[in-house]
A.B. asks: 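I have a structure here, written as structure tokens, and I will follow up with some questions on it.
It should be emphasised that the depicted structure is a prediction, and the values quoted were computed from it without experimental measurement. For the numbers below, each heavy atom of this structure counts, side chains included, while hydrogens, waters and symmetry mates do not. As the structure lists them, so they are numbered: ligands from 1, and atoms in each ligand from 1.
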Amino acid sequence: MNTFDEIVAADRRVEPRDDMPDGYRRTMVRQIAQHAHSEIIGMQPEGDWITRAPSLRRKAILLAKVQDEAGHGLYLYSAAETLGVERTDLTERLISGRQKYSSIFNYPALSYADVGVIGWLVDGAAICNQVPLCRSSYGPYARAMIRICKEESFHQRQGYELLMTMMRGTRAQQEAVQNAVDRWWWPSLMMFGPPDADSPNTAQSMAWKIKRHTNDELRQRFVDMTVPQADRLGVRLPDPELRWNAERGHHDFGTPDWDELRRVISGGGHCNAERIERRRAAHENGAWVREAAEAYAAKHGRERRA
Ligand code: ACO
């Protein structure tokens, strides 16, 4: 039998029945739960636009996308449950503010252009962060991530295609796209987390091969990937310091407002209260569904045993 250290050193996957340090288990529960909460809370900003989609086609695409986010949340709660926690308990921890979700979902989606920009920038950032997680050391998380990343790629492309269409449209549509890019650019960079020097978890998570790259490495990768896409789209990224650095072979860019990230993470963003309140209401309104499912399972369990 291999020890935890041998599994990690050999770059194999840690499975639920393997012995693992308590800290590893706690870190995995924290990260997977935060990730699951982000997917579920992340349904809200775009969900608001389903009834106001400009065409049947756009509505079908947006519906499918928001449903995918629900599915991602469910895979991830299942992955967390393999570590010995209960989904109901994780939901309680979310709605009581004891567990976090991504800062990005505390910003409002003000126009339909925001739907495109969320797909392009927010899902683009999510892909950058999550593709390396397909090689994360915890097996159930890494495997969930493979399917999630495939769906995220579709989300990113639908966003980019929507923006391309709007940029070929009227002046007002082009301005709406630019306005949305101006609002979402910096929050998207903040999704990758605090700078490495202020990231308490990165070193240990890298040693355990939970994270494969640091927050700053992934942020840089996202900027380098996005700049040519912005050029192609014909939008301006709102950063006067953004320029190609031939020596480094990367783009230089400005510093995100880290005070804003801290504020948003600790509950002070535009939409934190509203997001949690809606999640709480949805959870409470769904109580009868959970009770009915339990009654059904109990009845069929009795029938099977009889
Ligand atoms: N929003 C909210 N909380 C954040 C964010 C953010 N953008 N960035 C960092 N944090 C939190 C961390 O979760 C950590 O919380 P803790 O107090 O529970 O320890 C704390 O701030 C310090 O940050 P780090 O030490 O850098 O934490 P970590 O090593 O976990 O890295 C990261 C953060 C990069 C987000 C990592 O957890 C990760 O890769 N998670 C999986 C991806 C994910 O959750 N994506 C969700 C959004 S994508 C989507 O749903 C479309």
A.B. asks: State whether the side chain of R219 and the backbone N or O of L189 hold a donor-acceptor pair below 3.5 Å, judged by distance alone.
C.D. replies: yes

A.B. asks: Counting non-hydrogen protein atoms only, what is the nearest one to atom 40 (N) of ligand 1? Give residue, atom name and distance.
C.D. replies: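 Answer for atom 40 (N) of ligand 1: Q31 NE2, 3.5 Å.
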
A.B. asks: Go through ligand 1 atom by atom and flag the ones less than 4.0 Å from a non-hydrogen atom of Y141.
C.D. replies: 41 (C)

A.B. asks: Below 4.0 Å, non-hydrogen atoms only: which portion of R30 touches ligand 1? Side chain, backbone, both or neither.
C.D. replies: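 The answer is the side chain.
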
A.B. asks: Can you see whether R13 engages Y138 through a side-chain donor-acceptor pair at a distance of less than 3.5 angstrom?
C.D. replies: no

A.B. asks: Under 3.5 Å, is there a donor-acceptor pair linking the side chains of Y101 and E39?
C.D. replies: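 E39 and Y101 do not have a side-chain donor-acceptor pair below 3.5 Å.
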
A.B. asks: If only side-chain N and O atoms count, and only distance matters, is there a donor-acceptor pair under 3.5 Å linking D196 with T214?
C.D. replies: yes

A.B. asks: Applying the side-chain hydrogen bond (donor to acceptor under 3.5 Å, both in side chains) criterion to Y77, which one of R87, H35, H37 satisfies it?
C.D. replies: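 Answer to the side-chain hydrogen bond (donor to acceptor under 3.5 Å, both in side chains) test with Y77 among R87, H35, H37: H37.
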
A.B. asks: Name the closest protein heavy atom to atom 28 (P) of ligand 1, giving the residue it belongs to and the distance to 0.1 Å.
C.D. replies: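 The protein heavy atom lying closest is K211 NZ, 3.5 Å.
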
A.B. asks: With respect to atom 39 (O) of ligand 1, which of N215, L218, N129 exhibits the smallest heavy-atom separation?
C.D. replies: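 The residue whose heavy atom sits nearest atom 39 (O) of ligand 1 is N129.
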
A.B. asks: Given side chain to side chain contact (heavy atoms under 4.5 Å, CB included), test V177 with Q174 step by step and report yes or no.
C.D. replies: CA-CA 5 Å; V177 173; Q174 292 163 1; 5.8 Å; no

A.B. asks: Please list the nearest protein heavy atom to atom 8 (N) of ligand 1 with its residue and the distance rounded to 0.1 Å.
C.D. replies: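 Protein heavy atom with the smallest distance to atom 8 (N) of ligand 1: G193 CA, 3.2 Å.
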
A.B. asks: Within a distance under 4.0 Å of any heavy atom of S199, pick out the atoms of ligand 1 and give their elements.
C.D. replies: 24 (P), 25 (O), 26 (O)

A.B. asks: Counting from 1, what ligand 1 atoms have a heavy atom of A126 closer than 4.0 Å?
C.D. replies: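 It comes down to these atoms of ligand 1: 48 (S), 51 (C).
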
A.B. asks: For atom 48 (S) of ligand 1, what is the nearest protein heavy atom, given as residue, atom name and distance?
C.D. replies: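 Ranked first by proximity to atom 48 (S) of ligand 1 is Q130 NE2, 3.4 Å.
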
A.B. asks: Which residue and atom name correspond to the protein heavy atom nearest atom 9 (C) of ligand 1, and how close is it?
C.D. replies: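 Answer for atom 9 (C) of ligand 1: P194 CD, 3.6 Å.
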
A.B. asks: With a cut-off of 4.0 Å, which atoms of ligand 1 are near a heavy atom of K100?
C.D. replies: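 Taking each heavy atom of K100 in turn, ligand 1 has 3 (N), 11 (C), 15 (O), 16 (P), 17 (O), 18 (O) under 4.0 Å.
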
A.B. asks: Does R232 CZ have over 12 foreign heavy atoms under 6.0 Å away?
C.D. replies: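 Incorrect, the count does not exceed 12.
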
A.B. asks: Between E69 and ligand 1, does any nitrogen or oxygen pair lie at a separation below 3.5 Å?
C.D. replies: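 By distance alone, the answer is no.
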
A.B. asks: Sub-3.5 Å donor-acceptor pair from the side chain of Q156 to the main-chain atoms of L121, do we have one?
C.D. replies: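 Side chain of Q156 to backbone of L121: no pair is present.
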
A.B. asks: May I ask you to identify the nearest protein heavy atom to atom 1 (N) of ligand 1, giving residue, atom name and distance to one decimal place in Å?
C.D. replies: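 Result: S103 N, 2.8 Å.
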
A.B. asks: Check whether any side-chain N or O of R248 sits under 3.5 Å from a backbone N or O of H251 as a donor-acceptor pair, and report yes or no.
C.D. replies: yes

A.B. asks: Using a 4.0 Å cutoff against the non-hydrogen atoms of S38, which atoms of ligand 1 qualify?
C.D. replies: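 That gives atoms 46 (C), 47 (C), 50 (O) of ligand 1.
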
A.B. asks: Cut-off 3.5 Å, side chains only: do Y141 and T82 have a donor facing an acceptor?
C.D. replies: no

A.B. asks: Please check if any side-chain donor atom of H250 sits under 3.5 Å from a side-chain acceptor atom of N245, or the reverse.
C.D. replies: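 No, because no side-chain N or O of H250 sits under 3.5 Å from a partner of the opposite role on N245.
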
A.B. asks: Taking atom types as modelled, is there a side-chain donor on Q44 or D48 under 3.5 Å from an acceptor on the other?
C.D. replies: no

A.B. asks: Could you say whether the N/O atoms of F192 and ligand 1 ever approach to under 3.5 Å?
C.D. replies: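 Among all N and O atoms of F192, none is under 3.5 Å from an N or O of ligand 1.
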
A.B. asks: Give the numbers and elements of all ligand 1 atoms closer than 4.0 Å to a heavy atom of M190.
C.D. replies: 7 (N)

A.B. asks: Using a strict cut-off of 4.0 Å, indicate which atoms of ligand 1 neighbour a heavy atom of E39.
C.D. replies: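 Taking each heavy atom of E39 in turn, ligand 1 has 50 (O) under 4.0 Å.
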
A.B. asks: Tell me, which protein residue and heavy-atom name are nearest atom 10 (N) of ligand 1, and how many Å apart are they?
C.D. replies: I265 CD1, 3.8 Å

A.B. asks: Check ligand 1 against Q34 and write out every atom of the ligand that is under 4.0 Å from a heavy-atom position of the residue.
C.D. replies: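 Within the 4.0 Å cut-off of Q34, ligand 1 contributes 12 (C), 13 (O), 15 (O), 18 (O).
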
A.B. asks: Identify, for atom 35 (C) of ligand 1, the protein heavy atom at the shortest distance, and state residue, atom and that distance.
C.D. replies: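 Ranked first by proximity to atom 35 (C) of ligand 1 is M191 O, 4.2 Å.
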
